[in-house]
Amino acid sequence: MPELPEVETARRGLAPHLVGRRIAAVRVRQRRLRWPVPAGLGRRLAGAAVEALERRAKYLLLRTEAGTVLLHLGMSGSLRLVPAALPPERHEHLDLVLEDGRALRLRDPRRFGAVLWAGRRPEAHPLLAGLGPEPLGPHFHGEHLHRLARGRRVAVKPFLMDARVVVGLGNIYATEALFLAGVDPRRPAGKLSLGRWRRVAEAVRAVLEQALVAGGTTLRDFVGADGRPGWFARELAVYGRAGQPCPRCGTAIRCARLGQRSSCWCPRCQR
DNA sequence: ACTGGCTCCTGAGGGC
DNA sequence: TGCCCTCAGGAGCCAG
């Protein structure tokens with residue numbers, strides 16, 4: 001499951017191979033992703049040079065001379081650079097063929113991902129326009145969370161996973177961050193003090209940065225390499241560990257559904 | 001304005 | 001061994 005650290009790691013790995021290269025063609029084998037891949041993509045992109053590969057939330061922004069392509073990996077998507085002539089495998093839905101004979105190939109078995117055209121002003125695209133701050137950027141901190149949470153009755157964990165509050169936090173990282181912060185995921189967001197929100201913001205940052213470092217080491221090379229997600233290298237404290245002992249105090253971890261998502265926490269360490 | 005529930009899809013894992 | 005069922009998950013979208 002690509003979460004923010006994986007997407008950022010992918011961006012860093014791929015950017016040097018893409019920036020400055022020209023796109024020769026787009027090959028679409030499966031148009032039906034989360035939204036249909038736009039029909040005119042190949043026509044728009046043919047001959048355009050890649051200017052940058054950026055990231056906003058879990059979206060990759062491939063900026064070209066012609067405009068920007070939005071890529072989302074959903075929960076099973078991955079990108080790699082392959083020789084353009086290499087026969088595609090199952091679930092490899094799309095190629096951005098480069099003029100240097102290689103192709104950026106998207107594989108996405110569950111097809112929750114997306115490839116969209118965002119034109120000249122991608123920041124104005126509806127999918128990006130309403131997004132909250134980057135969790136590793138300067139605008140994410142306890143005060144921000146405290147302010148947005150005022151009066152909200154929703155539980156802390158789904159609140160943290162709301163992209164209007166902060167982007168890029170999936171179920172795993174939200175779960176782990178709340179363990180690190182010592183906050184019960186079921187607690188109503190509006191009931192947390194500023195001090196506790198500061199701890200949450202710090203924990204979010206710590207968990208993501210740790211995963212980013214891990215991802216950077218395991219996902220160094222995107223040319224033909226098969227990526228392992230950043231959290232793979234990290235020991236998960238509570239996520240998916242129902243009934244197992246808390247790594248800090250030994251109490252049995254509890255799991256329950258919270259806003260359609262399974263949540264795990266230590267009943268003793270998290271209040 | 002919020003909140004919760006639904007949806008897309010496939011592969012993994014459990015039960016028998 | 002194999003089949004069937006259930007579930008997980010990102011996040012937009014909609015109904016109440």
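Each chain gets a letter, A, B and so on, in the order the sequences are listed, and its residues count up from 1.
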Point to revise | Residue of the set T68(A), I23(A), L70(A) for which side chain to side chain contact (heavy atoms under 4.5 Å, CB included) holds with L62(A) | key: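 Between L62(A) and the candidates, side chain to side chain contact (heavy atoms under 4.5 Å, CB included) is satisfied uniquely by I23(A).
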Point to revise | Candidate list V50(A), V97(A), L98(A), L79(A), test side chain to side chain contact (heavy atoms under 4.5 Å, CB included), partner L104(A), passing option | key: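 Among V50(A), V97(A), L98(A), L79(A), the one meeting side chain to side chain contact (heavy atoms under 4.5 Å, CB included) with L104(A) is L79(A).
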Review point. Which part of the nucleic acid, if any, lies within reach of F159(A) when heavy atoms closer than 4.0 Å are counted: base, sugar-phosphate only, or nothing?
Key: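 Here F159(A) touches no strand at all.
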I need the [atom1]-[atom2] distance between [X] and [N], as an integer number of Å.
X: L127(A); N: dG10(C); atom1: CG; atom2: P; answer: 17 Å
X: L160(A); N: dG10(C); atom1: CG; atom2: P; answer: 14 Å
X: L4(A); N: dA11(C); atom1: CG; atom2: C1'; answer: 14 Å
X: H125(A); N: dG12(C); atom1: NE2; atom2: C1'; answer: 12 Å
X: L73(A); N: dC9(B); atom1: CG; atom2: P; answer: 18 Å
X: L258(A); N: dG4(B); atom1: CG; atom2: C1'; answer: 12 Å
X: M161(A); N: dG12(C); atom1: CE; atom2: P; answer: 12 Å
X: E3(A); N: dA8(C); atom1: CD; atom2: C1'; answer: 13 Å

Practice item. Work out which heavy atom in P133(A) is nearest to a heavy atom in V166(A); give both atom names and the distance. Key: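 Nearest heavy atoms, P133(A) then V166(A): O-CG2, 3.5 Å.
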Practice item. Measure across N171(A) and M161(A) and return the closest heavy-atom pair with its distance rounded to 0.1 Å. Key: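 It is N-CE, 3.5 Å.
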Point to revise | Contact residues, residues 87-94 of chain A to DNA chain B [heavy atom, < 4.0 Å] | key: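 Residues of residues 87-94 of chain A under 4.0 Å from DNA chain B: R90(A), H91(A).
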Practice item. List for me each residue that meets ring pair (Phe, Tyr, Trp, His ring centres under 6.0 Å) alongside H72(A), sequence neighbours excluded, and say none if there are none. Key: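 With sequence neighbours excluded, H72(A) shows a ring pair (Phe, Tyr, Trp, His ring centres under 6.0 Å) to Y59(A), given in chain and number order.
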Is the shortest distance from a Lys or Arg side-chain nitrogen in [X] or [Y] to a carboxylate oxygen in the other one below 4.0 Å?
X: E8(A); Y: R11(A); value: yes
X: E92(A); Y: R107(A); value: no
X: R55(A); Y: E134(A); value: yes
X: R22(A); Y: D100(A); value: no
X: R271(A); Y: D184(A); value: no

Point to revise | Under 4.0 angstrom between R164(A) side-chain N/O and dA11(C) OP1 or OP2 | key: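 Answer no for this pair, as no side-chain N or O of R164(A) is under 4.0 Å from OP1 or OP2.
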Check your understanding: dG10(C) phosphate, OP1 or OP2: any side-chain N/O from Y173(A) under 4.0 angstrom?
Key ->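 So the side-chain polar atoms of Y173(A) never come under 4.0 Å of the phosphate oxygens OP1 or OP2 of dG10(C).
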**Study point:** Minimum-distance nucleotide (side-chain atoms of R32(A) versus dG4(B), dG10(C), dC8(B))
**Key:**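 Output: dC8(B).
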Check your understanding: What's the closest nucleotide to the R261(A) side chain, out of dT3(B), dC13(C), dA11(C)?
Key ->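 Within the option list, the nearest is dA11(C).
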Can you tell me if [X] has over 12 outside heavy atoms packed within less than 6.0 Å of its [atom1]?
X: R153(A); atom1: CZ; answer: no
X: E202(A); atom1: CD; answer: no
X: R31(A); atom1: CZ; answer: yes

Check your understanding: Which of residues 144-153 of chain A sit near DNA chain C, with a heavy atom under 4.0 Å from it?
Key ->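 Within this stretch, nothing sits under 4.0 Å of the strand.
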Point to revise | Selection: residues 105-113 of chain A, any non-hydrogen atom under 4.0 Å of DNA chain C | key: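 Residues of residues 105-113 of chain A under 4.0 Å from DNA chain C: R110(A), F112(A).
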Run the side-chain donor-acceptor check on residues 245-263 of chain A: report pairs under 3.5 Å with partners two or more places apart or on a different chain.
from: R257(A); atom 1: NH2; to: Q260(A); atom 2: O; distance (Å): 2.7
from: S263(A); atom 1: OG; to: K157(A); atom 2: NZ; distance (Å): 2.8

Exercise for review: Using five pairs at either end of the helix from dC2(B)-dG16(C) to dC16(B)-dG2(C), determine the angle between the two local helix axes and round it to 10 degrees.
Suggested key: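 Rounded value for the end-axis angle: 50°.
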